[in-house]
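This report concerns only the one structure given below.
Heavy atoms only: backbone and side chains are in, while hydrogens, waters and symmetry mates are out.
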Amino acid sequence: MLLLNIDAAFVIEKVILISVILMGSLGVAMYATWAERKVAAVMQDRLGPNRAGPFGLLQPLADGLKLFFKEEIIPDRSTQFIFILGPCLAMLTATMTSAVMPWGPDFTLAGRTISLQVADINIGILFVFGVVSLGVYGVMLGGWASNNKFSLLSSIRAASQAISYELAMGISLIALLMMTGSLSLRDIVGQQHGFWHDGYFTWNFFKQPVGFIIFLTCSFAELNRAPFDLPECESELNMGYHQEYSSMKLGFYLFAEYINMFVSSAIISTLFFGGYNFPFMDQVQAAVPSGVFSLICVGALMTKIVAMILFFMFVRWTLPRFRYDQLMKLGWRSLIPLALVNMLVTGGVILFTLKK
Amino acid sequence: MPVSSTHYLFLSLLLFSIGIMGTLMRRNAIIIFMCIELMLNAVNLLLVAFSKIYGDADAQLFVFFIMVVAAAEVAVGLAVIVMMYRKVHSVDINILNRLKH
Amino acid sequence: MDIYSILFWFLSAMAVGSALGVILSRNPVNSVMFLILTFFAISGHYILMNAQFLAVVNIIVYAGAIMVLFLFVIMLMNLNADVEPQKGMMIQLAGVISGGILFLVILMGITTAKSETIDPASTDIGLISNLGKVLFTKYVLPFEISSVLFLSAMIGAVVIGKKENVPASDKTEIV
Amino acid sequence: MGNFSQLVYLVPLFPLIGFLINGLLWNKMPKTLAGIIGSAAILASFAVSLGIFFEVRNPSFQGPVIVNLFDFIQSGALRIPLAFQVDALSSLFLLIITGIGFLIHVYSTSYMHHDEGMVKYFAYLNLFVFSMLLLILGANYLVMFIGWEGVGLCSYLLIGFWFKKREYTNAAKKAFVMNRIGDLGFLVGMLLVLYNFGTLSYKELFTTLGSGMSTVPSSTITWITICFFIGATGKSAQIPLYTWLPDAMAGPTPVSALIHAATMVTAGIYMIARSGVMYSMAPLTLNIVAVVGLATALLAATIAIRQYDIKKVLAYSTVSQLGFMFLALGVGAYTTAVFHVMTHAFFKALMFLGSGSVIHAMDGEQDIRKMGGLGKKMRITSITFLIGCLAISGVPMFSGFFSKDAILTAAFAHNPILFALAVLAAMMTAFYMFRLYFLTFTGTFRGTHEQEHHLHESPIAMTAPLMILAILSIVGGYVGLPEVMSEHNLFNEYLAPVVKNFGEHHLSAGMEWALMGISTAASLTMIGVAYTMFRKPAFAESTGIAKILENKWYVDELYDSIIVRPIEALSGVLDRFVEKMGIDGIVNGVGKSVKWGGDRLRMLQTGQVGFYIFIMVLGMVALFTLSFFWVK
């Protein structure tokens, strides 16, 4: 059956995949809130949420319900449309990134090769980058539309912070891309097949340690997470850009942050830690059917993602917050030069050793 | 009716004309600036369309360079506008007529 | 009516509609939003013509950087519909008419142009590897020059934007 | 003897140094020191000139020595060096210029001592001598031209030295303009030479001409010589360009002496003598030169008869004597002309310095009607002046006799009519010179009582040059004794390697003696007439021909009415109609129309950016419309 020259089965397959990824993202985000509170509690020697369900596992649901049923307050002198658009954009951009992520290897089902990637475009990483660069709109517009000084300051901070750190992020990525020679995430993951090949680690983390550190640092800034959470630092700006938000719109912002964290972790895992690859995967692939193998791979990726998320949380509850000028100095005067040097060194190494 | 070069010509002309109208109708310097970006994009669109039709990558690189120049232009242009705003507390081009004197 | 045509008409309508939104909305922030939408539509056209690289660069550069700057500036100045200056009816009409005349005149010119059908089949000229090869061989000098242009623009923006020694009472510092 | 001719560049160098020192330090230099520096510079030049003279005089001296300093112009094949030529002619002129120049300098130290511009004066004087030396020494016409122009400039500076008086500056301007007219002739002649012969060097040019190899037609040579002659009439004050010289009396008297005796006016003679080879090939030009010279001699002599200004009389006598020299040149007696230049330099310098002494004593008074009887108070001046008068009048045994007689003889040989007219001029010379002498130095004093009281003999610095010059005026002629008196004419022999007289006619000895007798008798007669007429002078209002003479034949007025007035009228018309209405109208009109248009166009510059964009869009529409609908 063809609809407008498109294979209907293809459409169905993608729709299912998108739904699963979306639900997965939301679920992970929900439980990331729980995890965060738990981690914070552990690190502060507290118990954390423990009333709703065992270990407080139902706490996110309870929070969600509470947010849904809260009264919606839209400030009188705000720009209403944009006020609503803000959290929507935040949510949209947060979820869009996952479209190009390869969640697992292809597997065959009923004679069809099914890809665990929504779209394999050959500029995958640029797409991610583009969407990330749009992420700032949610914060900016929301903050501005609130017609509140603190919100406005917060959104301007967020915007300049995002733009500043995007540069270093992009440059560090260029070094990585020089190694891989492809922008397609699928290719990048494919190159990191297994863990050990031809006498060296296959994962990019070992090839680009400096790039990884820069990318990680920039991710913190892009996510507005501690120690770079200046746009929402309570001591200076009350609640930051979502000061005027309430109910589910506030929920969207909070959710978007956790989804972003999830996606960032996924990207870092994919780019630097081999994605769904894991050691001895060839042997495993030989042993199990392709569907099971794909699930195992997805599991490996999820493990890495969870580890990254936990790392984000540890950092948040460990390090103090930067001052704004320190943040800018770090971005412009340390990270960008460092990334440039890294890029030059990488280029030199490629030119003089690897390509001979 | 298959999509042809005429369609893209028409579309980009329309976008270009809208940009022109915008520059003529508005007094806000920033909006005018945005309309100029719109016109640039209309031209870019046409270049890409012809690149597709004639299978030539040069046009796409031209678009790339236009984007570079536009970015540089915006950086300087906005800096100028911000400075003007600091001086006269307005971005109304009707007030910015000091060129006359 | 194939999918290509449908997408073409949809994106065109989106582009024109949001372009009109840019020039008609009273609120500068709305204008910015509409312009971003226009850029998305244009990027959609690029993807339609398989110019993937340009599509995403368009998003990154225009939507991700340039428009953020615009928004940033507008927020800094706290412009909104209330303070938006309006031209008189007659001038607006004159603008529309002259723009329209330009449109018609050029339209007259292009109606005689030879119409080339666009082949929906994908080509690979817009792919990044292809463009990269051309860019770093044939256009390597313009590329380097444009980087110098960027640098000078950056320095220029910094110099222009540097604060002069204004009286303390006159300072409008927001960040 | 040292090899002085190689040091010839020192000769003009010393005056140049003197000029630079005095000229650059004009406001710091004490007057006395300036005089010493100026005089010493010339004295040094004179010493070197003497060395050169004796070297050249030595029979072992071979041909002209050319000293190349550097290339002045180098353009393609054309190469004109700044070179000096040392030969008999130039070494002789060197002696005259530096010798008499030195005496005049010494004289000036005393004469100008009360003038506040004395340092400047000496600077100019040195520059004058420097230019003249350059003119003389140049090995090609270009260097000569540089000196030629330099002399013109210096004469302007010195004639207008007392520039606070308007008529003096006018006189300076007149001298300058007249000289410029002549210079144009010289310049054209020079360019003709360059065009036809491809060189300006004397040596190359005269070698080419002398070998008879040149293909240049004789008419061209005639034109060249005429052009050069026009230059000479300007510099040497011949008809029609002589009127500047009497006016040049405006300058300090030693300057007049320098101009009239040693420098400047002799330049034209020198130039024609130098180009003698070329003139010999152009008989037509020689005839013109002779006629012009004779006419000048007669005209100036008639004017001098009725002048009352002591310096004017001397000035016209100079013009007249120059006419004699040109007559000599015209009849081809080049060496005779140079001989007369030399003797004339002695006695004319003597008389000018003498008149300066008189003016000094009379406290600036120059009118001989207010003098008289000065001989008793100023013995040295009186005697020396008398010697000068005798010399110029051609009284035997004085230098002027020999040179003038040589000219008359040559003229007679050429054409007896020339001789007759020349004798007439010589008679008038004797008459007006003794008129001057008697009116000034004999009889009773006619001036004011104050002046009479003030009368005194001049200081030694002024009288010493007078005495030296007086001696020279007497003995100077014996170097060129005519062949009837001596076996060798030393002077002609000395100059023979450079200048050869053209078309010499050998007269019989008896004829020569007869001619001498005629001219001597004529001169003595006129002295007698002058004595009877001016022993007891009476100054009545002139009438008839006397009035015309007193007014110098109204030549200045004639020039004024046939040249100056029409030009002034024409330029008036041009000024009023072409300049004011035409050119100014166009220029101002352009400005006004631009301003008017700008006023209208300024309306477009509203300063409204939006409006600019609007206009731009309309322009685009127009352009597109044009390209679509008309340009197919």
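Taking CE of Met34(B) as the reference point, atom CE of Met67(C) lies at 4.5 Å (rounded to 0.5 Å). Put simply, OH on Tyr8(B) and CE on Met49(C) are 4.0 Å apart, with the number rounded to the nearest 0.5 Å. Note that OH of Tyr62(C) and CE of Met67(B) are 6.0 Å apart. Values are rounded to the nearest 0.5 Å. Separating the CZ atom in Phe33(B) from the CG atom in Leu69(C) is a distance of 10.0 Å, to the nearest 0.5 Å. Taken to the nearest 0.5 Å, the CG atom of Asn41(B) stands 5.0 Å off from the CG atom of Asn58(C). Here the CZ-CG distance, from Phe64(B) to Leu135(C), works out to 5.5 Å after rounding to the nearest 0.5 Å.
Considering all non-hydrogen atoms of both residues, Leu45(B) and Tyr46(C) come closest at N-OH, 3.6 Å. Among all heavy-atom pairs drawn from Met21(B) and Ile23(C), the shortest one is CB-CD1, 4.2 Å. Scanning all heavy atoms of the two residues, the minimum distance from Ile66(C) to Ala71(B) falls at CD1-CA, 3.9 Å. The minimum heavy-atom distance linking Leu15(B) with Ala15(C) is given by the pair CD2-O, 3.8 Å. Closest approach of Ala75(B) and Ala157(C) over heavy atoms only: O-CB, 3.7 Å. Annotation for Leu38(B) and Ala19(C): closest pair CD2-CB, 3.9 Å, computed over non-hydrogen atoms.
In this view, Ser12(B) satisfies the side-chain hydrogen bond (donor to acceptor under 3.5 Å, both in side chains) rule with no residue, not counting sequence neighbours.
Remark: Phe150(C) CZ is packed, more than 12 non-hydrogen atoms of other residues, nucleotides or ligands lying under 6.0 Å away.
Contact annotation for Ser12(C): both backbone and side-chain heavy atoms come within less than 4.5 Å of a heavy atom of chain B. Contacts of Val74(B) with chain C are made by side-chain atoms alone, with heavy-atom separations under 4.5 Å and no backbone atom involved. Looking at Leu11(B), the atoms closer than 4.5 Å to chain C (heavy atoms on both sides) all sit in the side chain, from C-beta outward. For chain B, the nearby part of Phe8(C) is the side chain; its heavy atoms alone come within less than 4.5 Å. When heavy atoms are compared at a cutoff of 4.5 Å, Met154(C) does not approach chain B at all. In this structure, no portion of Leu93(C) lies under 4.5 Å from any heavy atom of chain B. For chain C, the nearby part of Asp56(B) is the backbone; its heavy atoms alone come within less than 4.5 Å. Looking at Phe65(B), only its side chain comes within 4.5 Å of chain C, counting heavy atoms on both sides. When heavy atoms are compared at a cutoff of 4.5 Å, Phe50(B) does not approach chain C at all. For a residue to count as touching a neighbouring chain, one of its non-hydrogen atoms must lie under 4.5 Å from one of that chain's; by this rule Ala51(C) touches chain B with backbone and side chain alike. Heavy-atom distances place the side chain of Leu35(C), and not its backbone, under 4.5 Å from chain B. Within the 4.5 angstrom heavy-atom criterion, no atom of Lys133(C) approaches chain B. Using a 4.5 Å cut-off between heavy atoms, Phe143(C) touches chain B through backbone and side chain atoms alike.
The shortest side-chain heavy-atom distance between Asn28(B) and Pro28(C) falls under the 4.5 Å cut-off.
In terms of heavy-atom pairs under 4.5 Å with chain C, the best-connected choice from Gly22(B), Ala49(B), Ala79(B), Ser5(B) is Ser5(B). Top candidate by heavy-atom pairs under 4.5 Å with chain C, chosen from Val69(B), Asn44(B), Thr6(B), is Asn44(B). Heavy-atom pairs under 4.5 Å with chain B were tallied for Leu54(C), Val134(C), Val61(C), Ile42(C); the largest tally goes to Leu54(C). When each of Val57(C), Leu149(C), Val22(C), Leu131(C) is checked for heavy-atom pairs under 4.5 Å with chain B, Leu131(C) comes out on top.
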Run the side chain to side chain contact (heavy atoms under 4.5 Å, CB included) check on Gln60(B) and Phe53(C) step by step: do they pass?
CA-CA 9 Å; Gln60(B) 298 207 7; Phe53(C) 175 67; 6.0 Å; no
In a table with atom names and distances, give each donor-acceptor pair under 3.5 Å that connects a side chain of residues 95-102 of chain C to protein atoms at least two apart or in another chain.
residue	atom	partner	partner atom	Å
Ser98(C)	OG	Ala94(C)	O	2.9
Ser98(C)	OG	Gly95(C)	O	3.1

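Screening Leu20(C), Val16(C), Leu107(C) for a side chain to side chain contact (heavy atoms under 4.5 Å, CB included) with Leu14(B), the sole residue that qualifies is Val16(C).
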